[in-house]
Amino acid sequence: MTIVGVPAGWPASEEEARAVQDELRGRVVLGQPGPPPGTGRVTGVDVAYDDELDLVAAAAVVLDAATLDVVAEATAVGRVSFPYVPGLLAFRELPTVSAVLDRLPCPPGLVVCDGYGLAHPRRFGLASHLGVLTDLPAIGVAKNPFTFTYDEPAPARGSSAPLLAGAEEVGRALRTRDGVKPVFVSVGHRVSLAGALAHTLALTPRFRLPETTRRADALCRQALREAARGRPGAPTRPDGTPSAPPPPGR
DNA sequence: GCGACAG
DNA sequence: ATCTTGTCGC
């Protein structure tokens with residue numbers, strides 16, 4: 001199995017990573033409506049980690065937006081490319097996520113990320129970054145409010161309240177199920193906030209989290225288990241010799 | 001300076 | 001993210 005490495009020139013420090021965000025931020029396209037909800041394809045991407053083994057597994061699951069049926073899937077396994085630092089999540093996930101999108105047999109359509117887009121300290125979260133690198137329409141749907149504030153949306157599914165960075169609205173707290181904790185939606189690239197909300201609702205007919213995220217989450221965990229199975233911490237055969245040569249760096 | 005902080 | 005048993009409910 002090929003292991004995705006860390007790209008040459010990938011930021012090695014937090015300072016460098018923040019500079020990259022400041023540089024790429026200007027390439028985000030806002031104000032486009034984005035694809036009509038319920039049409040075309042919607043792709044969920046997610047990542048799972050094994051820091052012990054220095055492995056990261058990414059999955060992309062393409063759904064028919066109208067039926068939510070799975071149209072295509074792909075996985076990719078890579079090495080951890082950056083530590084988890086709030087505000088720099090993209091540098092941890094992007095190399096493997098880009099690789100997994102490249103492996104899809106069809107165009108992804110709208111990409112739904114597990115995390116934020118505009119709702120970010122420098123307004124350039126994972127969904128924005130991925131959108132800029134691929135030029136695909138992208139949105140972020142997160143499970144937590146991060147550092148932002150919001151008022152509780154009304155209890156009915158579909159209700160939302162502004163997600164605020166001070167007085168600036170950077171996204172919405174959206175109730176996807178009656179009486180259940182909201183999700184936090186923000187714009188990534190080439191999609192409006194209204195479009196992002198509509199897509200999120202179309203993807204949550206039954207559960208709090210989008211079908212895209214749920215499918216991608218299950219798949220990347222499975223891919224990680226399979227990758228880790230082949231690479232135990234101290235790989236040995238019954239006779240004690242190494243079971244596999246060290247994987248070539250990339 | 002301290003605490004909080006997407007995944 | 002990940003560590004983790006049982007438990008309540010559809």
Side-chain angles (χ1 to χ4, degrees), chain A residues 11 14 17-18 20-21 25 28 44-61 75-98 100 111-132 138-150 157 163-166 168-174 176-189 193 196 200 204-210 212-225 227-229 233:
Chain A
E14 299 184 20
R18 286 188 207 99
V20 170
Q21 292 181 329
R25 183 173 42 198
V28 172
V45 294
D46 194 18
V47 166
Y49 302 95
D50 187 321
D51 287 299
E52 290 295 297
L53 297 179
D54 184 38
L55 288 180
V56 82
V61 180
T75 61
V77 175
R79 323 237 71 132
V80 173
S81 55
F82 209 85
Y84 172 65
V85 178
L88 300 178
L89 177 66
F91 295 94
R92 186 166 169 76
E93 308 207 331
L94 233 32
T96 318
V97 167
S98 300
V100 84
V111 178
V112 179
C113 296
D114 197 354
Y116 282 118
L118 227 203
H120 178 273
R122 285 166 296 284
R123 306 294 177 267
F124 195 69
L126 173 64
S128 314
H129 203 148
L130 180 63
V132 163
I139 67 174
V141 180
K143 299 181 282 298
N144 300 294
F146 200 11
T147 62
F148 306 105
T149 61
Y150 66 100
R157 161 175 156 90
L163 186 63
L164 301 172
E168 179 184 359
E169 179 173 5
V170 294
R172 297 287 265 273
L174 174 67
T176 56
R177 306 298 307 158
D178 289 353
V180 170
K181 174 181 174 174
V183 297
F184 304 89
V185 179
S186 59
V187 156
H189 185 60
L193 181 54
T200 303
T204 50
R206 188 162 160 73
F207 300 105
R208 173 184 176 236
L209 296 180
T212 39
T213 301
R214 291 166 42 78
R215 292 304 227 303
D217 179 73
L219 185 56
C220 70
R221 290 192 198 214
Q222 178 192 322
L224 182 64
R225 284 194 300 271
R229 165 158 40 86

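We name chains A, B, ... by the order of the sequence lines, and we start the count at 1 in each one. Worth saying up front: this structure is predicted, and the values here are computed from it rather than measured.
- Among residues two or more places apart in sequence or in another chain, the side chain to side chain donor-acceptor pair (under 3.5 Å) test is passed with A:Arg225 by none.
- With sequence neighbours excluded, the residues forming a side chain to side chain contact (heavy atoms under 4.5 Å, CB included) with A:Leu209 are A:Lys143, A:Val183, A:Arg214, listed by chain and number.
- Contact of the A:Leu55 side chain with the A:Arg79 side chain is registered, since non-hydrogen atoms from C-beta on lie closer than 4.5 Å.
- Contacts of A:Arg221 with the nucleic acid, taken as non-hydrogen atoms under 4.0 Å apart, involve only primed sugar atoms and P, OP1 or OP2.
- Applying the side chain to side chain contact (heavy atoms under 4.5 Å, CB included) test to A:Pro86 and every residue at least two apart in sequence or in another chain returns A:Tyr84, A:Phe146.
- Partners of A:Arg157 under the side chain to side chain donor-acceptor pair (under 3.5 Å) rule, at least two apart in sequence or in another chain, are A:Thr204.
- Nearest approach of A:Pro95 to A:Ala90, heavy atoms of both residues: CD-O, 4.5 Å.
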Just the table, please: protein N/O against nucleotides 5-7 of chain B N/O, every pair under 3.5 Å.
| unit_1 | atom_1 | unit_2 | atom_2 | d |
| --- | --- | --- | --- | --- |
| B:dA6 | OP2 | A:Tyr84 | OH | 3.0 |
| B:dA6 | N7 | A:Gly87 | N | 3.2 |
| B:dA6 | N6 | A:Gly87 | O | 3.2 |
| B:dA6 | N6 | A:Leu88 | N | 3.4 |
| B:dA6 | N6 | A:Leu89 | N | 3.2 |
| B:dA6 | N6 | A:His120 | NE2 | 3.4 |
| B:dA6 | N1 | A:Leu126 | N | 3.3 |
| B:dA6 | N3 | A:Tyr116 | N | 3.1 |
| B:dG7 | OP1 | A:Lys143 | N | 3.0 |
| B:dG7 | OP1 | A:Lys143 | NZ | 3.4 |
| B:dG7 | OP2 | A:Asn144 | ND2 | 2.6 |

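- Every side chain to side chain contact (heavy atoms under 4.5 Å, CB included) that A:Ala223 has, sequence neighbours left out, goes to A:Ala57, A:Thr75.
- Remark: A:His129 engages A:Phe91, A:Phe124 in a ring pair (Phe, Tyr, Trp, His ring centres under 6.0 Å) (not counting sequence neighbours).
- Rounded to an integer number of Å, the gap from A:Arg225 CZ to C:dA1 P is 14 Å.
- Contacts of A:Asp46 classified as side chain to side chain donor-acceptor pair (under 3.5 Å), with partners at least two apart in sequence or in another chain: none.
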Look for any protein N or O under 3.5 Å of an N or O in nucleotides 4-6 of chain C and output each such pair with its distance, or none.
none

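- In DNA chain B, no run of at least 3 Watson-Crick or G-U pairs (N1-N3 plus N6-O4 or O6-N4, or N1-O2 plus O6-N3, all under 3.5 Å) shows up, so the stem list is empty.
- Contact annotation: the side chain of A:Val112 approaches that of A:Thr213 to within less than 4.5 Å [non-hydrogen atoms, C-beta and beyond].
- Counting only Watson-Crick and G-U wobble pairs whose two distances sit under 3.5 Å, DNA chain C takes part in no stem of three or more pairs.
- Cation-pi check for A:Arg92 over A:Tyr49 is met; the charged atom lies under 6.0 angstrom from the ring centroid and within 45 degrees of its normal.
- One distance of note links CZ of A:Phe184 with CG of A:Leu174; it measures 10.0 Å at 0.5 Å rounding.
- In this view, A:Arg122 and A:Gln21 satisfy the side chain to side chain donor-acceptor pair (under 3.5 Å) rule, not counting sequence neighbours.
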